[in-house]
2 protein chains.
Amino acid sequence: MKYVEKLRNSGLRPTKQRLQICEVLFNTEKTFHFTINELEQKIKKQANNKISLATVYNTVHAFEKKGYLKQIPINSSETYFDTNVTDHHHFYDLKEEKLIDLDNSDVGPINILKKINGKKIKSVEVLVKLED
Amino acid sequence: MKYVEKLRNSGLRPTKQRLQICEVLFNTEKTFHFTINELEQKIKKQANNKISLATVYNTVHAFEKKGYLKQIPINSSETYFDTNVTDHHHFYDLKEEKLIDLDNSDVGPINILKKINGKKIKSVEVLVKLED
DNA sequence: ATCGCAGTTTATAATGATTCTAAAAAAGTG
DNA sequence: CACTTTTTTAGAATCATTATAAACTGCGAT
């Protein structure tokens, strides 16, 4: 399994459940956005077995902490995650309630001129809301 | 009362509760960020009486719909609102869990090059996460 | 002013995403 | 295999938010 090493290297035991979730999340051509519930559905369908909801939460949070996933800052009742962990941004289609990736190259360079004493910039995320 | 007209003009009856919330939200030198619970506390203290939590929610949502408040897109257990409805951005201090305003002039001009068919850009919001 | 009604407020219940719990299962180690 | 630690799990608990439905209020019409 190609994810065994990845997990081990980050100090996570390569359990059956984590490997299965890796398959669903990372064994794809394209990156994608998901909520915990969408992920649970996808696991059920793709792997044809059920992983406890608590485990899905645990795993997603563990992966996020290790930098394999990113949370997308958006106001929605459910939290959105992104398998694309490179620096990039998002459109949010208000009507369809859908997220669309926006590559760094689709956004001019962003220069934050204000500095906060003793703080470093960890990330810069742009959310572009779309309407009809 | 200076808020009676404002409310009437937007089709909201100027009720005692709404006027009181207007005082707390808008009768200040500076704009500010708040959660519903922080607002409830502020009302209790400033006006020395209690408005039902449901009414605070209703009112904040009504004001947001009318454009008197903005939701701040951020992943937090509570929803943050902003009395500053002009185009601007935010720092988010991850450690302190505090929001800090970032004027448009503190951010270089942002140019969204990608276009989505049939959609208009409603807003462009930048969230800059800070760490120590 | 009073009436009547749509719009509001309210306390409380319901919802729903997320986290907690503690017992069972699995993984790593020697 | 025996033992320890980590992980999984079902179900309970939590907590922000929304729904409910009864009481109340603002306001125009009479």
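Computed from a predicted model, the values in this text were never measured in an experiment. Naming convention: chains lettered A, B, ... in sequence-line order (proteins, then strands); numbering from 1 in each chain.
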Closest nucleotide among [options] to the [X] side chain:
X: B:Thr15; options: C:dT8, C:dA27, D:dT17; answer: C:dT8
X: A:Ser52; options: D:dA10, D:dT17, C:dA11; answer: D:dA10
X: B:Thr79; options: D:dT17, D:dC27, C:dA11; answer: D:dT17
X: A:Gln17; options: D:dT9, C:dT9, C:dA17; answer: D:dT9
X: B:Asn58; options: D:dC27, C:dT9, C:dG28; answer: C:dT9

Any [X] side-chain nitrogen or oxygen under 4.0 Å from OP1 or OP2 of [N]:
X: A:Thr55; N: D:dT9; result: yes
X: B:Arg18; N: C:dT8; result: yes
X: B:Ser77; N: C:dT18; result: no
X: A:Tyr57; N: C:dT19; result: no
X: B:Arg8; N: D:dG26; result: no
X: A:Lys50; N: D:dT9; result: no

Side-chain contact test, heavy atoms from C-beta onward, threshold under 4.5 Å: evaluate it for [X] versus [Y] and give yes or no.
X: B:His33; Y: B:Asp101; value: yes
X: B:Tyr92; Y: B:Leu130; value: no
X: A:Lys119; Y: B:Glu96; value: yes

Let me know the distance between [atom1] of [X] and [atom2] of [N], rounded to the nearest Å.
X: B:Leu7; N: D:dC27; atom1: CG; atom2: C1'; answer: 15 Å
X: A:Leu12; N: D:dT6; atom1: CG; atom2: P; answer: 12 Å
X: B:Glu40; N: C:dT9; atom1: CD; atom2: P; answer: 14 Å
X: A:Lys65; N: D:dT7; atom1: NZ; atom2: C1'; answer: 15 Å
X: B:Gln20; N: D:dT25; atom1: CD; atom2: P; answer: 14 Å
X: B:Glu78; N: C:dA17; atom1: CD; atom2: P; answer: 18 Å
X: B:Asn75; N: C:dT18; atom1: CG; atom2: C1'; answer: 13 Å
X: A:Phe34; N: C:dA17; atom1: CZ; atom2: P; answer: 16 Å

Under 4.0 Å between any heavy atoms, over every strand shown, what does B:Thr35 touch: base, sugar-phosphate, or nothing? Just pick one.
->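 Counting heavy atoms under 4.0 Å across all strands, no contact is made by B:Thr35.
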Mapping B:Leu53 and B:Arg13 onto DNA chain C by nearest heavy atom, which one lands closer to the 5' end?
->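 With B:Leu53 and B:Arg13 compared, the 5'-side residue is B:Arg13.
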Option passing side-chain contact (heavy atoms from CB on, under 4.5 Å) with B:Phe81 (candidates B:Glu38, B:Lys70, B:His61) |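 So, applying the side-chain contact (heavy atoms from CB on, under 4.5 Å) to B:Phe81 and each of B:Glu38, B:Lys70, B:His61, only B:His61 qualifies.
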Within 45° cone and under 6.0 Å: B:Lys42 NZ/CZ vs B:Phe32 ring |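 Yes.
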5'-most contact on DNA chain D: B:Pro14 or B:His61, nearest heavy atom basis?
->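 The residue whose closest nucleotide sits nearer the 5' end is B:His61.
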Can you see which heavy atom on B:Phe63 is nearest to which on B:Arg18, and at what distance?
->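 Between these two residues, the closest heavy atoms are CZ-O, 4.1 Å.
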